[in-house]
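Below is one structure, written out as structure tokens, with a few remarks after it.
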Amino acid sequence: MCFSVNVNLVKEEIEERYDVNFPDKYRYEPSYYYHAFGLPEIPTVCSDNPGTVRFLKWGLIPPWVKNSEDADEIRFKTFNARAESVETKLSFSSSFRTKRCLIPVRGFYEWQHIGNNKIPWYIYHAEDEIFTIAGLYSEWMPPDGSGMLSTFTIITTEANELMAEVHNSKKRMPVILGRNDEKKWIEKVLAPADAMNMLKPCPSKNLKAYTIGPLVNNKTANRNTPEVLKPYTWHSGNQLF
DNA sequence: CCAGACGTTGTT
DNA sequence: GTCTGG
DNA sequence: CCAGACGTTGTT
DNA sequence: GTCTGG
């Protein structure tokens with residue numbers, strides 16, 4: 001599972017890291033905390049125009065959806081796509097063939113279940129300040145004429161050793177592309193078998209993780225602040241987590 | 001054959 | 001639009 | 001795909 | 001054994 005990310009990235013960082021340009025007009029604010037259920041719009045690099053940043057909304061609406069009501073329902077169930085079945089699932093198969101995208105992040109959040117408690121963790125890349133999550137996107141035309149809605153999903157895979165300890169309930173993690181795979185992932189001609197081979201858990205040694213404080217759980221607080229990333233040690237009685 | 005599904009896993 | 005459970 | 005059907009028509 | 005309704 002992967003529902004919360006740190007996309008505190010400014011225009012210039014993304015342009016340099018991915019060799020892309022921002023569009024002339026865009027509305028995007030970097031944030032330390034984006035959550036899938038808020039349907040945020042975030043910067044991505046897409047297979048249809050790999051030289052330009054595109055802003056996509058979280059929660060993929062498949063192209064065959066018939067009305068806005070169905071769209072609103074399904075997009076809350078397509079924040080993630082399981083790597084094992086992206087090729088065959090009807091909601092993702094067409095995107096998997098031609099609409100793959102790169103999702104630049106600084107890190108992501110996951111919760112560890114200890115008894116009845118859920119301890120938040122922050123996970124980031126051991127070497128790269130900015131790293132890339134593999135995504136799929138879709139372009140959906142609402143029948144009400146309100147204009148194209150571009151949406152994305154994050155591909156998940158089984159957890160590596162580190163992530164199995166952190167996300168110990170579901171043992172899943174986002175697909176983190178190796179730097180050599182980033183350009184390939186968004187090539188239109190990429191063979192499905194080659195694409196599938198990129199969707200593996202990254203090695204544990206590529207990631208680092210630490211526990212963070214309760215601010216990340218506070219729905220009313222402003223979580224777009226570096227405070228949310230501050231290391232924090234959780235205690236329960238004399239148990240140390 | 002065709003009606004009905006089509007998706008993942010919360011911190012609700 | 002395309003697949004599949006019944 | 002698979003469970004369930006698989007047949008015809010009196011003059012009774 | 002093979003077809004077909006659901």
Side-chain angles (χ1 to χ4, degrees), chain A residues 1-6 31-40 56-100 103 107-123 133-143 148-149 151-159 163-164 166-175 192 199 201 209 211-225 227-230 232 234 236 241:
Chain A
M1 185 227 359
C2 181
F3 283 0
S4 311
V5 293
N6 171 5
S31 179
Y32 285 94
Y33 180 85
Y34 278 128
H35 186 240
F37 281 79
L39 310 181
L56 305 177
K57 289 186 176 173
W58 207 337
L60 185 146
I61 301 167
W64 42 259
V65 165
K66 293 191 176 54
N67 56 63
S68 296
E69 197 184 355
D70 291 351
D72 287 341
E73 198 177 315
I74 199 164
R75 66 181 309 191
F76 279 88
K77 300 168 180 173
T78 55
F79 297 135
N80 291 165
R82 296 174 66 90
E84 297 88 332
S85 53
V86 278
E87 198 168 4
T88 52
K89 291 280 182 183
L90 295 169
S91 292
F92 303 125
S93 54
S94 67
S95 292
F96 176 72
R97 273 181 261 114
T98 60
K99 294 189 184 304
R100 296 176 302 272
I103 300 158
F108 59 95
Y109 306 87
E110 201 54 82
W111 280 258
Q112 182 181 42
H113 293 237
I114 305 273
N116 291 323
N117 300 309
K118 286 162 193 151
I119 312 295
W121 287 69
Y122 181 66
I123 302 98
I133 294 176
L136 301 176
Y137 68 103
S138 172
E139 289 168 329
W140 183 66
M141 189 60 83
M148 191 84 85
L149 193 48
T151 54
F152 77 94
T153 187
I154 280 179
I155 301 178
T156 63
T157 185
E158 61 179 314
M163 287 308 302
V166 173
H167 187 24
N168 56 350
S169 58
K170 308 291 180 186
K171 301 194 175 175
R172 305 286 300 172
M173 66 181 286
V175 171
L199 305 181
T211 55
I212 55 176
L215 175 61
V216 72
N217 292 330
N218 186 339
K219 290 206 288 288
T220 58
N222 172 26
R223 286 172 279 186
N224 179 17
T225 157
E227 288 296 300
V228 82
L229 300 179
K230 253 177 74 179
Y232 180 95
W234 289 77
S236 170
F241 294 141

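Computed over heavy atoms, backbone and side chain alike; hydrogens, waters and symmetry mates excluded. Treat the numbers as computed from the prediction; the structure is a model and nothing was measured. First the proteins, then the strands, lettered A, B, ... as listed; each starts at 1.
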Review point. Are A:Phe79 and A:Phe37 close enough that their ring centres sit under 6.0 Å apart?
Key: yes

Revision key, fill the gap. Rounded to whole Å, CD of A:Glu84 lies from C1' of B:dT8 at a distance of 12 Å

Review point. If you take all heavy atoms of A:Trp111 and A:Asn217, which pair is closest and at what distance?
Key: NE1-OD1, 2.9 Å

Check your understanding: When you compare C:dG5 with E:dT4, how far apart are their C1' atoms, in angstrom units rounded to a whole number?
Key -> 16 Å

Review point. A:Leu90 has an atom CG; how far is it from atom C1' of C:dT2, in whole Å?
Key: 5 Å

Check your understanding: Between A:Trp121 and A:Tyr109, does the ring centre distance come in under 6.0 Å?
Key -> no

**Study point:** Watson-Crick/G-U partner (both atom distances under 3.5 Å) of D:dT8
**Key:** none

Review point. What does A:Lys66 touch in the nucleic acid at a heavy-atom separation under 4.0 angstrom: a base, only the sugar-phosphate, or nothing?
Key: base

Practice item. Work out which heavy atom in A:Leu229 is nearest to a heavy atom in A:Ile212; give both atom names and the distance. Key: O-CG2, 3.7 Å

**Study point:** Spacing of A:Met173 atom CE relative to B:dT8 atom P, expressed in whole Å
**Key:** 17 Å

Point to revise | Nearest heavy atoms of A:Phe152 and A:Pro40, plus distance in Å | key: CE2-O, 4.4 Å

Review point. Rounded to the Å, how far apart are A:Glu73 CD and B:dA5 P?
Key: 10 Å

Exercise for review: Take the protein atom CZ of A:Arg75 and the nucleotide atom C1' of B:dC6, then report the distance between them rounded to whole Å.
Suggested key: 17 Å

Check your understanding: Across all strands shown, which nucleotide pairs with E:dT4 by Watson-Crick or G-U wobble geometry, both distances under 3.5 Å?
Key -> D:dA3

Review point. From C:dG1, B:dT8, B:dT9, pick the nucleotide closest to the side chain of A:Trp64?
Key: C:dG1

Review point. In whole Å, what is the span from the CZ atom of A:Phe92 to the C1' atom of B:dC6?
Key: 10 Å

Review point. So, A:Tyr33 and A:Asn6: side-chain donor and acceptor under 3.5 Å apart, yes or no?
Key: no

Revision key, fill the gap. note: A:Arg82, atom CZ; B:dC6, atom P; distance rounded to Å ~ 15 Å

Check your understanding: Looking only at side-chain N and O atoms, does A:Thr156 come under 4.0 Å of OP1 or OP2 in B:dT9?
Key -> yes

Point to revise | A:Glu139 CD - C:dG1 P separation (whole Å) | key: 17 Å

Revision key, fill the gap. Rounded to the nearest 0.5 angstrom, the CG-OG1 distance for A:Asn80 and A:Thr157 is 11.5 Å

Review point. Expressed as a whole number of Å, how far does the C1' atom of B:dA5 sit from that of E:dG1?
Key: 33 Å

Report, one pair per line, the protein and nucleotides 10-12 of chain B atoms (nitrogen or oxygen only) whose separation is under 3.5 Å.
from	atom 1	to	atom 2	distance (Å)
B:dG10	OP2	A:Lys170	NZ	3.3
B:dG10	N2	A:His35	ND1	3.4
B:dG10	N2	A:His35	NE2	3.4
B:dT11	N3	A:Tyr33	OH	3.4
B:dT11	O4	A:Ser4	OG	3.2
B:dT11	O4	A:Tyr33	OH	2.1
B:dT11	O4	A:His35	NE2	3.3

